[in-house]
K.L.:
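Take a look at the following structure, please.
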Amino acid sequence: MSAGCQAEFSAPDYDLAATLASGQAFRWRPFGVPASAGFPDRLKAGHRTGGEWEGVIGPRWVRLELRADVIVAQTARPQHDWQWLREYLQFDVNLSEILRTFPDDTPMRDAVAACRGLRLLRQEPWECLASFILSSTKQIVQIRQIVALLCERFGEPVPRGGNLQSSHAPSPRPSPPVGERGKTGGAFAFPSAARIAACTEAELRACKMGFRAPYLLKSARKVAGGEVNLERLKIISCAEARDELLKLPGVGRKIADCVLLFAYGFQEAFPVDVWVRKALRQLYFPRRRVTEKRLARFAAEHFGPNAGYAQQYLFHFVRTRGLPPVARPAKA
DNA sequence: GTCCAGGACCTAG
DNA sequence: CTAGGTCATGGA
């Protein structure tokens with residue numbers, strides 16, 4: 001094993017696979033699998049990829065492995081302070097206390113029973129914001145592809161640990177070339193707002209992001225230029241922070257709430273996407289037509305102080321389990 | 001081929 | 001405030 005550094009963290013009740021692969025962050029992949037290989041959009045219930053994952057947090061490549069209530073972290077370079085990882089994985093969060101605040105109804109009980117151990121991460125604001133600008137009307141597997149291309153082409157290279165090459169036989173079908181730098185199997189940091197702001201729209205479109213390219217470009221300019229100060233959002237209220245995010249092109253209520261929840265830790269934020277909307281309608285309002293506004297009000301009032309956490313449980317629950325009766329109509 | 005994807009935005013009623 | 005069209009791209 002190459003140099004690097006390793007540490008262990010007590011992590012009871014932590015479903016690493018669900019947490020890293022359930023669509024709140026887009027840069028994690030099973031360790032030792034080539035970037036081009038990808039992995040299924042929806043992990044099946046209880047799916048474990050050997051519990052070994054790799055990704056990049058800020059400027060650091062890291063490998064994570066879950067072993068019976070312990071998470072083992074390995075980096076490429078020596079670390080004397082692991083606070084960045086504690087913060088990202090939110091080791092200090094007491095999951096039981098959060099689950100206790102969930103409404104005591106059948107849908108939530110089912111979701112918690114099915115997804116226990118699912119956590120919320122605390123991500124870098126710009127990476128989270130940019131990623132979710134790219135997320136609109138895209139499947140999670142595609143968001144990962146777009147983000148990977150963006151990082152390969154415009155992110156700073158970071159040293160990668162482990163030994164990918166020796167642990168994986170040459171793939172039978174070589175992956176299609178995805179840019180000049182991606183072929184080496186290297187790792188890259190997420191490109192800064194300033195770097196994205198320096199791109200042309202054509203360069204961004206070449207990362208397969210389509211009509212989202214101008215949104216990302218304009219938002220990057222506003223962030224890099226200081227017109228929207230992402231650091232300041234940490235010290236103002238959730239509602240005020242939301243108003244700031246809504247100034248950015250390509251950012252509506254849903255994406256703003258994702259950033260508030262996944263990057264700033266505003267746990268009252270409740271992103272409503274197509275999956276959560278389906279879950280709310282079918283689990284809480286079966287065969288009754290509910291207006292969009294009524295649904296939003298219900299979501300705001302029903303799920304308590306950790307509504308965002310509840311939302312992630314509902315999201316993961318319906319995506320992994322599917323929705324019971326009406327969701328899969330037989331094709332006569 | 002069709003439908004849909006962790007939407008936002010613009011226009012018209 | 002709601003309804004519909006538009007924007008790219010690729011899974012399923």
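Within every chain, numbering begins at 1; the chains are lettered A, B, ... in the order of the sequence lines, protein sequences first and strands thereafter. Computed from a predicted structure; not experimentally measured.
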K.L.:
What nucleotide, of B:dA5, B:dG6, C:dG10, holds the atom closest to the side chain of A:K278?
P.N.:
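Looking only at side-chain atoms, A:K278 lies closest to B:dA5.
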
K.L.:
Could you tell me whether A:V276 contacts a base, only the sugar-phosphate backbone, or nothing, with contacts defined as non-hydrogen atoms closer than 4.0 Å?
P.N.:
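Touches a base.
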
K.L.:
When the nearest nucleotide of DNA chain B is assigned to A:P249 and to A:V272 on a heavy-atom basis, which residue is associated with the more 5' position?
P.N.:
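Result: A:V272.
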
K.L.:
Would you classify A:F26 as touching base, sugar-phosphate or nothing, given that sugar-phosphate means primed atoms plus P, OP1 and OP2, and contacts are heavy atoms under 4.0 Å?
P.N.:
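Contact class for A:F26: none.
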
K.L.:
A side-chain contact here means heavy atoms from C-beta on lying under 4.5 Å apart; do A:K293 and A:F298 qualify?
P.N.:
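A side-chain contact is absent here, since even the closest heavy-atom pair is not under 4.5 Å.
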
K.L.:
By the 4.0 Å heavy-atom rule, please label A:K208 as base, sugar-phosphate, or nothing.
P.N.:
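If one applies the 4.0 Å heavy-atom cut-off, A:K208 turns out to touch the sugar-phosphate alone, with no base involved.
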
K.L.:
Just the rounded figure in Å: distance from C1' of B:dG7 to CZ of A:F211.
P.N.:
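Checked: the CZ to C1' distance equals 7 Å.
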
K.L.:
Figure out the CH2/C1' separation between A:W275 and B:dG7, and round it to whole Å.
P.N.:
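Atom-to-atom, A:W275 to B:dG7, this comes out as 16 Å.
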
K.L.:
Looking at A:K138, does any N or O in its side chain come under 4.0 Å of the phosphate oxygens OP1/OP2 on C:dC7?
P.N.:
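A:K138 to C:dC7 OP1/OP2: no side-chain N or O under 4.0 Å.
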
K.L.:
Taking the nucleotide of DNA chain C with the closest heavy atom to each, which residue, A:T291 or A:R205, is nearer the 5' end?
P.N.:
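The 5'-side residue here is A:T291.
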
K.L.:
For C:dA3, which nucleotide in any strand shown is its Watson-Crick or wobble partner with both distances under 3.5 Å?
P.N.:
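Check on C:dA3: paired to B:dT11, both distances under 3.5 Å.
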
K.L.:
Expressed as a whole number of angstroms, how long is the span from A:L217:CG to B:dA8:C1'?
P.N.:
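Nearest whole value for this atom pair: 17 Å.
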
K.L.:
In whole angstroms, how far is the C1' atom of C:dT9 from the CD1 atom of A:I140?
P.N.:
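Going from CD1 in A:I140 over to C1' in C:dT9 covers 16 Å.
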
K.L.:
Rounded to the nearest angstrom, tell me the gap between atom CD1 in A:I143 and atom P in B:dA8.
P.N.:
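Those two atoms, CD1 and P, are 12 Å apart.
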
K.L.:
With a centroid cutoff of 5.5 Å and a plane-angle limit of 30°, would you call A:F315 stacked on B:dG6?
P.N.:
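According to the criterion (under 5.5 Å, under 30°), yes, A:F315 stacks.
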
K.L.:
Quick check: any donor-acceptor pair below 3.5 Å linking the side-chain of A:Q145 to the base of C:dG11?
P.N.:
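No.
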
K.L.:
Any side-chain N or O of A:R212 under 4.0 Å from OP1/OP2 of C:dA8?
P.N.:
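No, because none of the side-chain N or O atoms of A:R212 sits under 4.0 Å from OP1 or OP2 of C:dA8.
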
K.L.:
Looking only at the side chains, is there a donor atom on one of A:R119 and A:Q312 sitting less than 3.5 Å from an acceptor on the other?
P.N.:
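Per modelled atom types, A:R119 and A:Q312 side chains form no pair under 3.5 Å.
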
K.L.:
Can you say whether the rings of A:F211 and A:Y215 are parallel (under 30°), tilted (30 to 60°) or perpendicular (over 60°)?
P.N.:
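Perpendicular, since the angle between the ring planes exceeds 60°.
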
K.L.:
Please measure how far the P atom in C:dG5 lies from the corresponding atom in B:dC4, and state the result in whole Å.
P.N.:
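Those two atoms are separated by 14 Å.
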
K.L.:
Expressed in angstrom and rounded to an integer, what is the separation of A:Y215 atom OH from B:dC10 atom C1'?
P.N.:
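The answer, rounded to whole Å, is 9 Å.
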
K.L.:
I would like to know whether A:Y313 and A:F102 meet ring pair (Phe, Tyr, Trp, His ring centres under 6.0 Å); could you show each step before the answer?
P.N.:
CA-CA 10 Å; A:Y313 271 76; A:F102 286 3; 5.8 Å; yes

K.L.:
For nucleotides C:dT6 and B:dG6, find the distance between their P atoms and express it as a whole number of Å.
P.N.:
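Straight-line distance between the two P atoms is 23 Å.
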
K.L.:
Taking atom types as modelled, find out whether A:W28 and A:E54 have a side-chain donor-acceptor pair closer than 3.5 angstrom.
P.N.:
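No, no side-chain donor-acceptor contact under 3.5 Å.
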
K.L.:
Base, sugar-phosphate or nothing for A:G23? Non-hydrogen atoms, less than 4.0 Å.
P.N.:
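The answer is base, as A:G23 lies within the cut-off (heavy atoms under 4.0 Å) of a base atom.
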
K.L.:
Which part of the nucleic acid, if any, lies within contact of A:S135, taking any heavy atom under 4.0 Å across all strands shown: a base, the sugar-phosphate backbone alone, or nothing?
P.N.:
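Sugar-phosphate contact only - A:S135 comes under 4.0 Å of backbone atoms but never of a base.
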
K.L.:
Would you mind telling me which of C:dT2, B:dG6, C:dA8 lies closest to the side-chain atoms of A:Q24?
P.N.:
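Nearest nucleotide to the side chain: B:dG6.
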
K.L.:
To the nearest Å, give me how far apart CD1 (A:I255) and P (B:dA8) are.
P.N.:
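Taking atom P of B:dA8 as the reference, CD1 of A:I255 is at 4 Å.
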
K.L.:
When the distance from CG of A:L216 to C1' of B:dC9 is rounded to whole Å, what number comes out?
P.N.:
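In whole Å, B:dC9 C1' lies 17 Å from A:L216 CG.
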
K.L.:
Give a yes/no verdict on a cation-pi contact between A:R86 and A:F91, requiring under 6.0 Å between NZ or CZ and the six-membered ring centre and an angle within 45° of the axis.
P.N.:
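Not satisfied by the 6.0 Å and 45° rule.
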
